[in-house]
Amino acid sequence: MTPEDSTHYHLSPHHSPSLSSEWSSIFPKGGGFIHLGPSHRPFGLSMFHQMHCIVALQQAIEQPDEVKRENEWEHSMHCLNYLREMILCDANPALERSIPEFGQKAIDSRTERVCKDWETVYRELEEKHHKYQEWLKGATSSRTHLEF
């Protein structure tokens with residue numbers, strides 16, 4: 001994949017009237033959570049925690065300062081720190097060409113990358129979410145029968 005600028009996922013709703021739905025579309029059904037084990041314990045995938053933080057930061061940038069609550073600032077700080085740690089954890093060593101005519105530290109982000117198959121992650125989560133929903137229906141109906 002070669003990164004490129006997109007006409008989607010802008011910060012301002014003035015650029016895209018469907019901004020909210022674009023940002024929401026990055027999450028699979030179930031919001032990036034998977035339920036594992038016999039008790040169906042929920043776990044979040046780091047990839048979607050990172051996406052959640054990008055969305056939270058986008059919303060924080062768009063919201064006027066006087067409207068922000070203290071917990072929103074704390075959440076933004078959590079997200080900035082979490083994304084920083086995930087970048088360090090990945091430590092992607094891909095070389096990116098410099099663009100000297102734009103300044104000493106300007107780089108060309110359009111360097112081709114070899115990516116993990118994120119579409120498989122989405123498919124698996126969607127399938128697991130469907131199975132979890134089916135389990136919930138069964139668990140709910142069996143409880144209903146027991147209550148009578």
Side-chain angles (χ1 to χ4, degrees), residues 1-140:
M1 173 182 98
T2 303
E4 58 187 39
D5 290 332
S6 175
T7 58
H8 301 282
Y9 309 107
H10 283 277
L11 291 177
S12 171
H14 304 296
H15 287 104
S16 172
S18 60
L19 183 67
S20 178
S21 63
E22 283 184 348
W23 282 102
S24 297
S25 73
I26 62 177
F27 295 99
K29 287 183 175 79
F33 286 85
I34 188 168
H35 296 82
L36 301 174
S39 62
H40 299 273
R41 185 172 168 203
F43 292 88
L45 271 70
S46 179
M47 170 182 163
F48 295 106
H49 187 178
Q50 293 168 43
M51 292 289 202
H52 159 81
C53 280
I54 290 171
V55 171
L57 291 171
Q58 178 271 333
Q59 291 170 346
I61 289 168
E62 284 298 305
Q63 192 175 51
D65 287 345
E66 58 274 4
V67 178
K68 290 183 177 101
R69 295 185 306 258
E70 183 65 28
N71 64 333
E72 290 169 331
W73 283 110
E74 290 173 13
H75 187 222
S76 295
M77 292 305 299
H78 155 78
C79 283
L80 280 172
N81 190 53
Y82 180 72
L83 290 171
R84 179 188 64 81
E85 289 172 349
M86 293 304 99
I87 290 167
L88 291 172
C89 183
D90 187 39
N92 186 341
L95 296 175
E96 299 177 327
R97 291 186 310 270
S98 67
I99 311 171
E101 57 269 19
F102 292 121
Q104 185 179 9
K105 294 186 179 181
I107 55 106
D108 181 359
S109 62
R110 295 170 297 180
T111 302
E112 189 157 331
R113 319 273 175 172
V114 176
C115 299
K116 295 174 182 156
D117 187 1
W118 53 268
E119 289 177 342
T120 300
V121 175
Y122 276 83
R123 277 193 305 275
E124 285 293 317
L125 276 181
E126 295 266 344
E127 179 184 319
K128 300 284 191 241
H129 179 71
H130 177 73
K131 288 180 180 178
Y132 175 68
Q133 293 299 309
E134 291 297 315
W135 175 83
L136 276 179
K137 286 178 191 173
T140 303

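All values below come from the heavy atoms of this structure, side chains included, with hydrogens, waters and symmetry mates left out.
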Using salt bridge (Lys or Arg N to Asp or Glu O under 4.0 Å), reason through E134 and K131 one step at a time and then give a plain yes or no. CA-CA 5 Å; E134 291 297 315; K131 288 180 180 178; over 6 Å; no

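- The ring pair (Phe, Tyr, Trp, His ring centres under 6.0 Å) test applied to Y122 returns F48, W118, not counting sequence neighbours.
- A side-chain N or O of Q50 and one of S46 form a donor-acceptor pair less than 3.5 Å apart.
- Here the closest heavy-atom approach between residue P28 and residue G32 is recorded as CG-N, 3.9 Å.
- Other residues, nucleotides and ligands place more than 12 heavy atoms under 6.0 Å from the CE atom of M86.
- The ring-ring contact (aromatic ring centres under 6.0 Å, His included) contacts involving residues 87-106 comprise nothing, where partners must be two or more places apart or lie in separate chains.
- Taking the ring pair (Phe, Tyr, Trp, His ring centres under 6.0 Å) definition, one finds that H129 meets it with nothing, sequence neighbours left out.
- Residues passing the side-chain contact (heavy atoms from CB on, under 4.5 Å) test with R97 are D108, sequence neighbours excluded.
- Across all non-hydrogen atoms, the minimal contact from R113 to A94 is NH1-CB, 3.4 Å.
- From L83, atom CG reaches atom CE of M51 across 10.5 Å, with rounding to the nearest 0.5 Å.
- By the neighbour-count criterion of 12 heavy atoms within 6.0 Å, atom CG of L88 is densely surrounded, having more than that number from other residues, nucleotides or ligands.
- Looking at residues two or more places apart in sequence or on another chain, you find no ring pair (Phe, Tyr, Trp, His ring centres under 6.0 Å) involving H130.
- Put simply, the side chain of I34 reaches to within 4.5 Å of the side chain of L125, judged on heavy atoms.
- Aromatic ring orientation, H49 versus H52: tilted (interplanar angle from 30° to 60°).
- Salt-bridge annotation for R123 and E127: absent, with no side-chain N of the basic residue lying under 4.0 Å from a carboxylate O of the acidic one.
- Under the 30°/60° scheme for interplanar angles, the aromatic rings of H35 and Y132 are found to lie parallel.
- Note that SG of C115 is 10.5 Å distant from CD of E119, once rounded to the nearest 0.5 Å.
- In terms of the ring pair (Phe, Tyr, Trp, His ring centres under 6.0 Å) criterion, F43 has no residue partners (sequence neighbours excluded).
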